[in-house]
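Take a look at the structure set out below.
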Amino acid sequence: MVSGSTARGDADRWSDVEVGVFWERRPTLAERVAVADVARAADIRTVNEGSPPWYDHVYLGAPRPDGLMVEVVHTLTSATEEMLDDVLTEHRPDGPSLDAIKGIVDGRDVHGPRADLVAGWQKRARTYPRELAIAVVRRDGNIEQFWRWQMLVDRDNPLLLAREFMRIASQLLTVLHALNGKYCGHPSAFKRLDNLDLSLAPPSLAARIRAVFNRPAPEGAQLLRDLVEETYDLIELHLPEVNVDLLRTNFRSNRKPLDAFPSAD
């Protein structure tokens with residue numbers, strides 16, 4: 001099956017092609033390389049260790065890094081079904097599994113004798129369980145140590161400041177995806193901010209996230225704080241099972257300055 005931006009129809013000149021292949025038994029490395037040979041690959045890099053999934057980076061037209069990269073993800077049908085059970089039945093919000101299910105839901109052009117099996121997975125995954133949304137929001141909605149941005153400004157460390165803003169914005173977007181019943185487990189899902197398609201979200205979400213990183217740090221921090229608080233309002237309204245008061249308490253907590261502690265005599 002074809003997945004990712006190619007399947008969704010929003011690929012651009014920077015995009016790779018993502019292909020998922022489902023096996024009843026582990027493929028041999030020779031079988032995988034033979035497929036690349038039939039495609040007249042100019043280059044191939046394989047990852048063949050451990051349990052599924054296994055990855056092939058196949059370069060067409062020119063060797064790495066100039067060719068068009070086709071990322072082929074090989075996995076087992078049994079592993080896929082176990083993953084679906086873990087996420088959709090047991091409601092375990094594992095990031096890689098959420099991304100894999102997103103790939104299945106987005107996928108199209110399924111070929112092979114078991115195409116009906118993949119269609120069944122897609123039908124099952126199209127309904128995002130409420131219990132899963134609650135689990136994701138409880139985990140990623142717990143945004144702690146917001147105060148660190150001020151520490152990093154005081155230390156003149158823009159590198160770690162950007163990382164902190166990225167951490168918080170990524171947690172925020174993961175929460176909003178769950179709130180909207182959309183699979184998302186990794187910041188790579190946010191490659192196109194204008195294509196987020198989130199009906200339940202703070203207004204002007206993409207523009208405000210960009211501004212977090214483009215404005216001076218105090219302004220960016222205030223924008224981020226407002227986005228988090230507005231997201232908590234949405235959680236309170238649409239997922240009342242989540243203890244939003246606890247999330248707010250953790251988010252608003254401030255590190256005490258050193259002079260708040262009594263000095264030793």
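Note that this is a predicted model, so its numbers are computed, not measured. Side-chain atoms are counted along with the backbone in the values below, which use heavy atoms only and exclude waters and symmetry mates.
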Sequence-distant partners of [X], side chain to side chain donor-acceptor pair (under 3.5 Å), two or more places apart:
X    : answer
D94  : S97
H57  : none
T28  : E31
E229 : R248, R252

Output yes when a side-chain donor or acceptor of [X] lies under 3.5 Å from a complementary backbone atom of [Y], and no otherwise.
X    : Y    : answer
S253 : N250 : yes
Q122 : G107 : yes
N243 : D245 : yes

query = Which residues pass the side-chain contact (heavy atoms from CB on, under 4.5 Å) test with D12, sequence neighbours left out?
reply = W14, S15, R192
message = Just to verify, what does A162 make a side-chain contact (heavy atoms from CB on, under 4.5 Å) with, not counting sequence neighbours?
response = none
N-O pairing of D226 and R208 below 4.0 Å = no
note = Hits for salt bridge (Lys or Arg N to Asp or Glu O under 4.0 Å) against D43, two or more places apart or cross-chain, chain-then-number order -> R45
request  = Give the other cluster members for M69, using side-chain heavy-atom distances under 4.5 Å between Ile, Leu, Val, Met, Phe, Trp and Tyr residues; answer none if it is isolated.
outcome  = Y59
note = Students should find that the hydrophobic cluster of V2, defined by side-chain heavy atoms under 4.5 Å apart, otherwise consists of none
ask   = Is the number of heavy atoms from other residues, nucleotides or ligands within 6.0 Å of CZ (R25) greater than 12?
value = yes
message = Side chains of I143 and Y232, heavy atoms from C-beta outward: is any pair under 4.5 Å?
response = yes
inquiry  = For residues 63-85, which residue pairs pass the salt bridge (charged side-chain N to carboxylate O under 4.0 Å, His left out) check, not counting sequence neighbours?
reply    = D85-R124
ask   = So which pairs with a foot in residues 125-141 pass salt bridge (charged side-chain N to carboxylate O under 4.0 Å, His left out), sequence neighbours left out?
value = R130-E241
request  = Taking all heavy atoms of Y183 and all of P129, pick out the closest pair and write down the distance.
outcome  = OH-CD, 4.2 Å
Pairs satisfying ring-ring contact (aromatic ring centres under 6.0 Å, His included), at least one member in residues 77-125, at least two apart = F22-W121
